[in-house]
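To start, the structure itself, in structure tokens.
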Amino acid sequence: MEEDWKPKIGMVFYNIEEAWKFWVDYGGRIGFGVRKQYTHKKKDGSISSCRFVCCKEGLRKPDKRDYKTINPRPETRTNCRARIGLKHTGGQFIVYDFVEEHNHNVHLQETIHMLSYEQKVLEVQCHQIDLANDDGLQHRTSLDLMSKEVEGSSDSGYTPRDQKHNIHKRRKMSLVNGEVGHLLQYFQRQLVENPTSYHAYQMDAEDRITNVFWADARMLIDYGYFGDVVSLDSTYCTDCPHIPLAVFSGFDHHRGTVIFGAALLYDETAESYKWLFEKFLEAHKQKMPQTFFTDQNQTIEKALAVVMPGTYNGLCTWHLMQNLDNLMKDKSDFIVDFKKCMYDYEDEEQFEEGWRTLLVKYDVKENTWLQRVYTIKEKWAACYMKKAFTLGMQSTQLSDNVNVEIKSFMNADLDIIKFFEHFEGVVEEKRYNELKSECEARQNISRLKYPYSGILQSVYGLYTPTIFDLFQHEYELFEACSVKSMNKNMNMQTPTIDFVIAMVRDLGEWQVSFDLDKTSISCSCRKFESFGILCCHCIKVFIHMDVKSVPARYILKRWTKLARSGALPNVGVSDLVEDVDLSPSQRYKKICPRLIRIAIEACRSKETFLFLSKVIDELDRQMLEFQNNQVSVTPSQFLSNIRDSM
């Protein structure tokens, strides 16, 4: 209503800033610029009265030098009498004088933003200007782009001059940061952009930073979905000693690399790694991974055992082979046989026999490194590692591309500022790769080689293409399987049938136990328990017992297209409540991507476009009512209003 935005005698304001903002907004609505004419103060410095006027109030005084001026300033004053007067009474500012009429033409709404008092670059717009400047867009181009977002330059709220001033100011600010200062400011910015981001420092006795751990908001979310198996790659510590990087990572549902956190380890002691693992768990709400892969480092292994006693510790096979290559440079046959012990033996007895043969054949019984490696065989030999849930992970270096990209910029000349710029780029590249995989999973259809198979059909639309191809390969292998024997066990509470499965061209045998209620199945190869998909031996039994589909319990959500859907694991409701006490820029960054995604989806069809248009109309109306009258509407009432308008 008019009374809400138009001044009137007796109107009350709680402070002078509120009154000034009201006058500025009123001028913007009507179409005139504003000024403060005077402010009277008491002896104690408090304001007793003030007057706000139209920018055209008064007349310019004559200047004897005017005849010398080649390009005189244009006249702007018309002695306009429009004004508002306020006096301070009882702790409030009350309007005692108001003149509404102007003696000049007011501005159009399309030009009001060009007045000097209206030329303000908001925090949101500062963020947009910075992004455009960082990407090398010319000032005019970026201004045009932002104007198109709001359907016209008049709605952007600022001019090219304001834009240039903002860029210059931000450049000056960026020059005052030293390395330590930049480190602190980097993490402070992370918290400002998203309060759920996490970082921690470890200090020495002289209050110097020795170690740093951090995880941005996306890393925390990714860990909630895919943090069942984690690797810690600390090889970067030796590649670039002055920036000793260590990276926590894992597999997403496409088996792509996803990063869960990172650290700078200037002090690699047992206490430092203990601190690191404690902070890792603190950041991730004390959710422990099932399996944790590390380098062959006793300091790391001991710290992990103390902090995560229930987590299985696997060793990086790549690092083991690197050490082996150094020991056995001229014994290529030895390395081939060692790899058999590492990867090929599924049975522990086969491994033990193969290990003894290896030591005798190459006369290396006294080799201390091999003796030490043998004592921790449960951490690297496949026949022992199948007891752990590993997702097929064998190395801390999950992706050659990640390692190449990180190591490409890790050099002696790298400063901390450039390091964070490059590292953020690598992280964003990995996230973009996941988006590409997600797009391809929706765009490309996996080839179904056996369209009449109920088992394949039951997972065809669920698994991501990468995982479906792996499962379909297991299905193909079942043709090479045969039932060597089967034995019904009716004495147990849950009757089972025990199968012995053999395979063509393979001397091994696998024991599969299947319950008669068709609710559970297990195989001695432990493919499902270690990787998360059923093996060809179980599929053979399903086919033999006429099971038409894969039971739901054997379809892990983390391997499906719905892996990121639903509530976050290990995140409580309180953790998902948005912090409303944010700056305009922060609120913009939180809500804009969601609205853009909705707009993109709505434009896919005429029906969704019309529906969203109705929603926006209603939302726009409700927002105006809320801003003017502070009247809130519940979500159910809002939806009801939309239905009534359809």
Side-chain angles (χ1 to χ4, degrees), residues 225-226 228 251-255 290 386 389-392 437-438 440-490 492-504 509-567 569:
Y225 288 123
F226 306 116
D228 37 21
F251 284 141
D252 64 16
H253 51 320
H254 303 285
R255 291 201 90 226
Q290 296 184 46
K386 70 179 183 180
F389 186 61
T390 65
L391 304 176
S437 298
E438 198 69 32
E440 291 170 0
R442 296 167 184 264
Q443 179 69 20
N444 303 330
I445 301 174
S446 297
R447 182 188 174 198
L448 187 61
K449 299 179 181 179
Y450 305 91
Y452 299 107
S453 166
I455 288 179
L456 286 180
Q457 287 284 0
S458 65
V459 297
Y460 180 57
L462 294 176
Y463 281 145
T464 61
T466 300
I467 302 305
F468 177 77
D469 289 343
L470 292 173
F471 181 80
Q472 188 164 234
H473 177 66
E474 292 294 326
Y475 186 88
E476 291 177 301
L477 289 177
F478 103 82
E479 295 283 3
C481 298
S482 61
V483 177
K484 189 173 182 179
S485 67
M486 58 182 293
N487 179 42
K488 292 184 178 181
N489 192 342
M490 308 301 293
M492 302 177 65
Q493 187 174 1
T494 302
T496 62
I497 302 178
D498 297 327
F499 291 84
V500 175
I501 303 296
M503 293 189 70
V504 177
E509 294 180 349
W510 293 266
Q511 288 71 44
V512 179
S513 179
F514 176 71
D515 81 323
L516 294 178
D517 293 329
K518 303 179 182 178
T519 58
S520 66
I521 192 169
S522 62
C523 178
S524 59
C525 78
R526 296 184 60 84
K527 178 81 173 183
F528 177 78
E529 290 80 3
S530 62
F531 191 90
I533 64 173
L534 289 174
C535 61
C536 59
H537 317 117
C538 288
I539 294 174
K540 177 64 180 181
V541 172
F542 276 162
I543 299 297
H544 186 82
M545 299 300 296
D546 199 30
V547 176
K548 301 296 185 183
S549 63
V550 177
R553 68 168 64 182
Y554 297 111
I555 305 175
L556 294 190
K557 185 179 178 181
R558 67 109 56 232
W559 285 140
T560 70
K561 298 175 183 177
L562 301 176
R564 287 190 178 275
S565 66

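- Looking only at side-chain heavy atoms (C-beta outward), I555 and Y463 come within less than 4.5 Å of each other.
- You'll find the side chain of S446 stays beyond 4.5 Å of the side chain of Q472, heavy atoms only.
- Contact of the V459 side chain with the Y554 side chain is not registered, since no non-hydrogen atoms from C-beta on lie closer than 4.5 Å.
- The side-chain hydrogen bond (donor to acceptor under 3.5 Å, both in side chains) test applied to T560 returns no partner, not counting sequence neighbours.
- Partners of S513 by side-chain hydrogen bond (donor to acceptor under 3.5 Å, both in side chains), not counting sequence neighbours, listed by chain and number: D498.
- W510 is linked by a side-chain hydrogen bond (donor to acceptor under 3.5 Å, both in side chains) to E346, counting only residues two or more places apart in sequence or in another chain.
- Using a 4.5 Å heavy-atom threshold, the side chains of L556 and F528 count as touching.
- For the atom pair CD1 of I533 and CD1 of I539, the computed distance is 8.0 Å after rounding to the nearest 0.5 Å.
- For E509, the salt bridge (charged side-chain N to carboxylate O under 4.0 Å, His left out) partners two or more places apart in sequence, or in a different chain, are K484.
- Note that CH2 of W559 and NE2 of H254 are 10.5 Å apart. Values are rounded to the nearest 0.5 Å.
- Residue pairs meeting the salt bridge (Lys or Arg N to Asp or Glu O under 4.0 Å) criterion with at least one member in residues 462-482, sequence neighbours excluded, are K449-E476, E474-K527.
- With contacts defined as side-chain heavy-atom distances shorter than 4.5 Å, the pair K540/L477 does not qualify.
- Looking at L456 and F468, their side chains come closer than 4.5 Å, going by heavy atoms from C-beta outward.
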Give the intermediate values and the outcome of side chain to side chain contact (heavy atoms under 4.5 Å, CB included) for residues I497 and N487. CA-CA 5 Å; I497 302 178; N487 179 42; over 6 Å; no
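- The line from OG1 of T466 to CZ of F471 is 15.5 Å long, rounded to the nearest 0.5 Å.
- In this structure the side chain of D515 never reaches within 4.5 angstrom of the side chain of I521, judged on heavy atoms.
- For R255, there are no salt bridge (charged side-chain N to carboxylate O under 4.0 Å, His left out) partners at least two apart in sequence or on another chain.
- Looking only at side-chain heavy atoms (C-beta outward), H253 and K557 stay at 4.5 Å or farther from each other.
- Looking at S524, its side chain does come within 3.5 Å of a backbone N or O of Q511 through a donor-acceptor pair.
- Ring orientation note: the planes of F514 and F542 are nearly perpendicular, at an angle over 60° on the 30°/60° scale.
- With sequence neighbours left out, E529 forms a side-chain contact (heavy atoms from CB on, under 4.5 Å) with S522, R526.
- Each side-chain hydrogen bond (donor to acceptor under 3.5 Å, both in side chains) pair with one or both residues in residues 451-460, not counting sequence neighbours, appears once here: S453-Y475.
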Using side chain to side chain contact (heavy atoms under 4.5 Å, CB included), reason through F389 and L391 one step at a time and then give a plain yes or no. CA-CA 6 Å; F389 186 61; L391 304 176; 3.2 Å; yes
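- For the side-chain hydrogen bond (donor to acceptor under 3.5 Å, both in side chains) test, no residue two or more places apart in sequence or in another chain qualifies with H537.
- The shortest non-hydrogen separation linking F226 to A563 is CE2-CB, 3.8 Å.
- Under the rule for a ring pair (Phe, Tyr, Trp, His ring centres under 6.0 Å), the partners of H544 that lie at least two apart in sequence or sit in another chain are F499.
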